[in-house]
Amino acid sequence: MIPSSARRTLIFLLLSVLVFWGPDWLVPAAWEHDATYVLVSNLYQGLLVIAGFWFGPALCKAMVVDEVSGGPLHQAIDQILDELNTQARVHSLAVLPVTLVDHPQPFLVTAGLLPSQCQAFLSTGQAFRL
């Protein structure tokens with residue numbers, strides 16, 4: 001998870017708990033032993049995991065407090081990505097979009113389900129190390 005403000009993290013955790021386990025709290029206890037309910041519950045939770053990966057870039061973008069959109073560090077990252085793209089043997093590979101996040105802790109998060117929609121989130125702490 002992307003380091004974020006305490007408020008955004010708390011909201012994310014509360015909403016995640018409500019969406020993931022909320023339906024189990026609303027159904028009668030007698031349903032818990034029904035095979036159909038167990039199957040539907042497992043399918044629901046599996047779809048939530050897939051949706052989490054699908055909407056991962058948007059969720060990470062919402063968790064970012066300070067995004068760096070310019071400056072010498074951002075230009076250096078863009079230059080490195082351009083060099084990697086020109087050196088690639090196969091030019092059909094899509095360049096992974098990188099969002100530079102202003103955070104002192106080093107981290108790199110990749111989010112997304114399909115390669116065409118993946119996105120990387122790089123902290124300035126990690127970028128300075130590179």
Side-chain angles (χ1 to χ4, degrees):
M1 177 181 277
I2 291 192
S4 187
S5 68
R7 181 176 180 267
R8 289 183 188 189
T9 302
L10 182 63
I11 290 171
F12 174 77
L13 290 175
L14 289 175
L15 287 176
S16 296
V17 166
L18 284 175
V19 169
F20 203 73
W21 286 294
D24 286 338
W25 296 333
L26 298 175
V27 298
W31 287 14
E32 292 179 8
H33 302 292
D34 185 25
T36 304
Y37 172 74
V38 172
L39 176 67
V40 169
S41 178
N42 287 335
L43 286 173
Y44 171 75
Q45 290 181 349
L47 288 174
L48 280 179
V49 170
I50 292 171
F53 280 106
W54 185 268
F55 294 108
L59 291 171
C60 290
K61 197 91 156 151
M63 296 296 287
V64 169
V65 176
D66 295 320
E67 182 178 340
V68 178
S69 59
L73 188 58
H74 194 275
Q75 290 173 351
I77 299 287
D78 287 341
Q79 181 182 0
I80 290 170
L81 290 174
D82 287 341
E83 289 175 8
L84 287 174
N85 192 25
T86 57
Q87 292 176 0
R89 292 182 185 161
V90 180
H91 293 288
S92 64
L93 293 175
V95 176
L96 188 67
V98 176
T99 300
L100 191 58
V101 179
D102 187 21
H103 199 276
Q105 294 297 321
F107 69 86
L108 173 63
V109 175
T110 56
L113 181 64
L114 301 174
S116 61
Q117 65 136 170
C118 286
Q119 188 170 357
F121 295 86
L122 176 67
S123 72
T124 53
Q126 182 69 26
F128 282 126
R129 284 182 167 194
L130 298 175

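These figures come from a predicted structure and were not determined experimentally.
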Transitive ILVMFWY side-chain link [X] to [Y], under 4.5 Å:
| X | Y | result |
| --- | --- | --- |
| L48 | V17 | yes |
| L59 | L13 | yes |
| F53 | L114 | yes |

**OP:** Answer with yes or no whether the side chains of Y44 and D24 bring together a donor and an acceptor at under 3.5 Å.
**Re:** no
Original post:
Is it true that the side chains of Q119 and T110 contain a donor and an acceptor less than 3.5 Å apart?
Top reply: no
Subject >> Working for side-chain contact (heavy atoms from CB on, under 4.5 Å), residues V68 and V101 >> reply: CA-CA 6 Å; V68 178; V101 179; over 6 Å; no
Side chains of [X] and [Y] in contact at under 4.5 Å (non-hydrogen atoms):
| X | Y | answer |
| --- | --- | --- |
| T99 | E67 | yes |
| W54 | Q117 | yes |
| F121 | V64 | yes |
| I50 | L113 | yes |

Closest approach of [X] to [Y] (non-hydrogen atoms, all atoms of both residues):
| X | Y | result |
| --- | --- | --- |
| G56 | A111 | C-CB, 3.7 Å |
| P3 | H103 | CB-NE2, 3.3 Å |
| L108 | A120 | CD1-CB, 4.2 Å |
| I77 | A127 | CD1-CB, 4.1 Å |

Rounded to the nearest 0.5 Å, what separation is found between the [atom1] atom of [X] and the [atom2] atom of [Y]?
| X | Y | atom1 | atom2 | value |
| --- | --- | --- | --- | --- |
| R7 | L10 | CZ | CG | 9.5 Å |
| T124 | D102 | OG1 | CG | 4.5 Å |
| I11 | S4 | CD1 | OG | 9.5 Å |
| F12 | C60 | CZ | SG | 8.0 Å |
| W21 | L26 | CH2 | CG | 15.0 Å |

Polar side-chain atom of [X] near backbone of [Y] as donor-acceptor pair, under 3.5 Å:
| X | Y | answer |
| --- | --- | --- |
| S123 | F107 | yes |
| S41 | Y37 | no |
| R8 | A62 | yes |

Subject >> From CA spacing to verdict: side-chain contact (heavy atoms from CB on, under 4.5 Å), T9, M63 >> reply: CA-CA 7 Å; T9 302; M63 296 296 287; 3.9 Å; yes
